[in-house]
Structure formats: structure tokens, C-alpha cells
Amino acid sequence: MIYLAMIEPFLFWGGLLVFVTSLGLYVKRTSDWQAVMRFWQPLISFTPLEFRINRIGLTLMLVAVALRFTVYFMA
């Protein structure tokens with residue numbers, strides 16, 4: 001069980017890094033900082049690669065959160 005608790009921060013911060021990378025790729029391609037700053041509005045149109053990278057980052061972060069709840073309630 002201790003190994004799951006040790007993996008969780010790496011999943012979360014790695015997922016955050018991957019997520020920010022996808023936003024960086026979008027800004028590099030379009031130079032549209034305003035769309036990133038107004039993330040609550042559907043202004044970003046990712047390429048398929050950027051979209052996959054974005055979803056992988058979000059999935060890693062969600063797995064980390066689920067892992068934290070699992071470790072917390074099982075301990």
C-alpha cells in the first residue's frame with residue numbers, strides 16, 4: 001500500500017506537466033494566450049496530437065486523485 005502512496009505525487013505532477021505541455025504546444029502553434037487564460041470558455045481548438053496529450057495529462061491527474069482517495073480510505 002505504501003507504494004501506491006509514493007506513486008501518487010509522481011502521477012499528479014507528471015500529469016500536470018503533460019497537461020501544461022499540451023497548452024504550450026497550442027500557444028506555440030497559434031500565439032493565442034487569451035484562449036488559455038480564459039480556459040472556462042470553449043475557445044481552444046486543439047490539433048489531434050495536442051488533444052491526446054491534453055487528455056493523457058488530465059487522465060494521469062485523475063488517476064492520482066483516485067489513488068489518493070483509495071489509499072486514504074484503505075489505510
Side-chain angles (χ1 to χ4, degrees):
M1 187 63 69
I2 190 81
Y3 297 112
L4 294 177
M6 291 171 51
I7 291 171
E8 181 264 328
F10 292 109
L11 284 175
F12 181 79
W13 291 109
L16 185 62
L17 181 66
V18 171
F19 178 76
V20 169
T21 300
S22 73
L23 295 177
L25 289 171
Y26 172 77
V27 169
K28 183 179 176 184
R29 179 174 56 89
T30 63
S31 300
D32 187 11
W33 281 97
Q34 290 182 356
V36 174
M37 293 302 170
R38 292 184 292 167
F39 59 88
W40 60 90
Q41 296 177 350
L43 300 174
I44 296 177
S45 58
F46 288 124
T47 63
L49 176 64
E50 292 166 350
F51 183 78
R52 278 191 303 249
I53 292 171
N54 186 283
R55 294 305 175 196
I56 289 170
L58 287 174
T59 303
L60 287 173
M61 289 190 291
L62 286 174
V63 167
V65 170
L67 196 60
R68 177 167 285 200
F69 279 118
T70 303
V71 169
Y72 177 77
F73 286 118
M74 292 184 77

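Minimum heavy-atom separation, A64 to L11: CB-CB, 3.8 Å. Residues I53 and V18 share a closest heavy-atom pair of O-CG1, 3.3 Å. Smallest separation of non-hydrogen atoms from A35 and L43: CB-CB, 3.9 Å.
By the criterion of side-chain heavy atoms lying less than 4.5 angstrom apart, applied directly or through intervening Ile, Leu, Val, Met, Phe, Trp or Tyr residues, W33 is grouped together with L23 in one hydrophobic cluster. Linking ILVMFWY side-chain heavy atoms closer than 4.5 Å, directly or via other members, places F51 and L58 in a single hydrophobic cluster. I7 is connected to I56 through a chain of hydrophobic side-chain contacts under 4.5 Å among Ile, Leu, Val, Met, Phe, Trp and Tyr, so both are in one cluster. L16 and F10 are not part of a single hydrophobic cluster, where members link through side-chain heavy atoms under 4.5 Å apart. Each of L17 and W13 belongs to its own hydrophobic cluster when Ile, Leu, Val, Met, Phe, Trp and Tyr are linked at side-chain heavy-atom distances under 4.5 angstrom.
Within the structure, the salt bridge (charged side-chain N to carboxylate O under 4.0 Å, His left out) test picks out the following pairs touching residues 37-54 (sequence neighbours left out): R29-E50. Counting only residues at least two apart or in different chains, salt bridge (charged side-chain N to carboxylate O under 4.0 Å, His left out) contacts with residues 40-49 are absent. Each side chain to side chain donor-acceptor pair (under 3.5 Å) pair with one or both residues in residues 53-68, not counting sequence neighbours, appears once here: E8-R68, S22-N54. For residues 13-25, there are no salt bridge (charged side-chain N to carboxylate O under 4.0 Å, His left out) pairs, not counting sequence neighbours.
More than 12 heavy atoms of other residues, nucleotides or ligands shown are found within 6.0 angstrom of CD on Q41.
Residues passing the side chain to side chain contact (heavy atoms under 4.5 Å, CB included) test with T30, sequence neighbours excluded: Y26, D32. The side chain to side chain contact (heavy atoms under 4.5 Å, CB included) check on F69 picks up V65, F73, with sequence neighbours excluded. Partners of F12 under the ring pair (Phe, Tyr, Trp, His ring centres under 6.0 Å) rule, at least two apart in sequence or in another chain, do not exist in this structure. Looking at residues two or more places apart in sequence or on another chain, you find no ring pair (Phe, Tyr, Trp, His ring centres under 6.0 Å) involving F19.
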